[in-house]
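Beneath this line is the structure, given in C-alpha cells, with notes to follow.
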Amino acid sequence: MTQITLTINDPKEASLIKQLLKKFDSVTISKPARKRKTGLDEALDDVAAGRVTEYSSVDDMFNKLGIEL
C-alpha cells in the first residue's frame, strides 16, 4: 500500500481532485486524525496567552472573589 499526502490551498481544486480519486476503486480518501489537546496543553496555551490570574495568598484570592470566611 502506498500513501500520499497532498496539501492543496484552493478548495475548488481540492474538490476536483477528490472527485477524480473517487472514480478509482483502489483509492480511499481519509481525513487526517485531529489531535485533541490535553488539559495540560490547554493550560500551557492559557499561560502563553496571558489568561492567568495570580494571587499573593489564598486570603487575597477569596477577598478578590468576594468570598467571606
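- Residues Leu20 and Ile29 fall within the same hydrophobic cluster, defined by Ile, Leu, Val, Met, Phe, Trp and Tyr side chains chained together at heavy-atom separations under 4.5 Å.
- For Val27, the side chain to side chain contact (heavy atoms under 4.5 Å, CB included) partners are Leu21, Phe24, not counting sequence neighbours.
- Note that CE of Met1 is 12.0 Å distant from OG of Ser26, once rounded to the nearest 0.5 Å.
- Remark: Asp41 engages no residue in a salt bridge (Lys or Arg N to Asp or Glu O under 4.0 Å) (not counting sequence neighbours).
- Transitive grouping of hydrophobic side chains (ILVMFWY, heavy atoms separated by less than 4.5 Å) brings Met61 and Leu69 into a common cluster.
- Linking Ile, Leu, Val, Met, Phe, Trp and Tyr whenever their side-chain heavy atoms come within less than 4.5 Å puts Val58 and Leu65 in one cluster.
- For Arg51, the CZ atom is densely surrounded, since the number of other residues' heavy atoms within 6.0 Å is greater than 12.
- Contact detail for Lys64 and Tyr55: the closest heavy-atom pair is CD-CE2, 3.7 Å.
- Atom CD1 of Ile17 sits about 14.5 Å away from atom NZ of Lys12, to the nearest 0.5 Å.
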